[in-house]
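What follows is a set of notes on a single structure, which appears directly below.
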Amino acid sequence: MNPSVISRYHGFGVDCSGDQKADPWNVQDAMCSTANYLAASGASSGTEAGMRKAVFAYNHASWYVDRVFKYKNMYATGGATEVSIGLPSMPYGTSNSSGKSSAAINKAIAVGKTLVGKSPYNFGGGRTAADIARRSFDCSSFVRWAFEQGGVNLGRVDSTTTDTLVRLGKPVKPSEMRAGDLVFFDTYKKNGHVGIVMQDGRILHDGSTHGVWINDMNHFRKVFSGVVRRVVE
């Protein structure tokens, strides 16, 4: 369980809970260690082929890999929402009224803005109760959390990523994007970063430079390829 010994012998155990031990019986440590092992086994490529290779490295059985991905896809696309739905497994645009949708968007943005300058970026953060309690997010978990405050479910707290968010809702032309739309940027990979369009057209996002911050679209001009999704109608 000693992180320095694990590192010396090229192990995969990670101390995520901050108690100086990589404890397999600690949920946070176990999850981070599993992610570390899978990443080293091929999942860091970000492709389905790489992730399948990683899961196969864990258990050399094709049926097991298929079962894992069956549930992965269920988790990525499942869930209910009080306001609208952009999830592929359910009909889009089931909000009761445009007023309720606007209220949800306004609240998501308003609550998200309270963290501007106060929430440093944490890659992979925002997926445990402890991270959420201390408002420690990355771009996708921040977006998911902000919309949750407005009553909109964009996916599971432990598995929402830019890859799952970009499949929600419906595509929107950049010239037609409006408050509440999700806009994606090609940073470390295609659609690797996501933000929320605000009422004034600026973007509320959680970036690696300033954490939760607000920028105008001109800031992203070199990494914007036109991907916008409307998840609340």
Side-chain angles (χ1 to χ4, degrees), residues 1-81 85-90 121-134 136-145 148 153-168 184 186-194 206 208:
M1 296 187 189
N2 186 322
S4 63
V5 175
I6 292 172
S7 177
R8 186 187 313 153
Y9 293 100
H10 309 292
F12 299 99
V14 177
D15 170 26
C16 262
S17 59
D19 62 358
Q20 308 305 312
K21 294 188 298 182
D23 184 357
W25 303 108
N26 178 292
V27 172
Q28 292 182 21
D29 290 358
M31 290 175 66
C32 290
S33 300
T34 300
N36 189 30
Y37 173 82
L38 292 173
S41 300
S44 60
S45 69
T47 65
E48 180 163 330
M51 290 187 282
R52 282 183 170 273
K53 177 184 176 182
V55 175
F56 187 78
Y58 173 76
N59 185 353
H60 295 303
S62 296
W63 65 264
Y64 177 84
V65 177
D66 290 338
R67 180 172 293 181
V68 168
F69 274 78
K70 170 187 173 182
Y71 288 108
K72 169 189 174 295
N73 293 331
M74 287 174 61
Y75 292 149
T77 59
T81 173
I85 198 73
L87 305 176
S89 60
M90 301 178 68
Y121 180 82
N122 176 17
F123 185 76
R127 291 168 178 80
T128 65
D131 275 354
I132 293 171
R134 61 176 177 262
S136 181
F137 302 103
D138 61 14
C139 66
S140 53
S141 63
F142 168 71
V143 166
R144 184 206 170 280
W145 173 81
E148 184 179 48
N153 181 359
L154 296 184
R156 287 177 57 94
V157 66
D158 60 348
S159 58
T160 294
T161 66
T162 56
D163 292 332
T164 65
L165 292 176
V166 79
R167 296 200 299 266
L168 302 186
F184 294 82
D186 300 337
T187 50
Y188 73 100
K189 68 173 184 176
K190 182 174 177 58
N191 301 323
H193 188 58
V194 62
D206 192 348
S208 58

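Each residue takes its place number in the sequence, starting with 1.
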Backbone N or O of Ala54 within a donor-acceptor pair of the Ser41 side chain at under 3.5 Å? no
Report yes if the side chains of Asn122 and Asp138 come closer than 4.5 Å at any heavy-atom pair, otherwise no. no
Phe56 and His60 aromatic ring geometry - parallel, tilted or perpendicular at 30°/60° bounds: perpendicular
Between the side chain of Asp186 and the main-chain N/O of Asn191, is any donor-acceptor distance below 3.5 Å? yes
Give a yes-or-no answer on whether the side chains of Ser136 and Arg127 include a donor-acceptor pair shorter than 3.5 Å. no
Could you tell me the separation between the CD atom of Gln28 and the CG atom of Asp131, rounded to the nearest 0.5 Å? 7.0 Å
Atom CG in Asp206, atom OG in Ser141: separation rounded to 0.5 Å? 7.0 Å
Interatomic spacing from CZ in Arg52 to CG in Asp66 - rounded to 0.5 Å: 5.0 Å
How long is the straight-line distance from CH2 of Trp145 back to OG of Ser140, given to the nearest 0.5 Å? 14.5 Å
Smallest heavy-atom separation, Arg144 atom then Gly155 atom, equals NE-O, 2.7 Å
Rounded to the nearest 0.5 Å, the OG atom of Ser4 sits from the CD atom of Gln20 at a distance of 10.0 Å
Non-hydrogen side-chain atoms of Asp29 and Asp19 separated by less than 4.5 Å: yes
Using a 4.5 Å cut-off on heavy atoms from C-beta on, say whether the side chain of Lys189 contacts that of Thr162. yes
Would you call the rings of Tyr188 and Phe123 parallel, tilted or perpendicular, where under 30° means parallel and over 60° means perpendicular? perpendicular
Check whether any side-chain heavy atom of Val68 sits under 4.5 Å from a side-chain heavy atom of Val65, and report yes or no. no
Shortest non-hydrogen pair, Gly46 vs Met51, comes out as O-CE, 4.2 Å
Modelled atom types, side-chain donor and acceptor of Ser33 and Asn36, under 3.5 Å: no
Sequence neighbours excluded - ring pair (Phe, Tyr, Trp, His ring centres under 6.0 Å) pairs with any residue from residues 6-46: Phe12-Tyr37
Gap between atom CZ of Phe137 and atom OH of Tyr121 - 0.5 Å precision: 13.0 Å
State, yes or no, whether a side-chain contact exists between Pro24 and Met1 at a heavy-atom distance under 4.5 Å. yes
For the residue pair Thr160 and Arg156, what are the closest heavy atoms and their distance? OG1-O, 2.7 Å
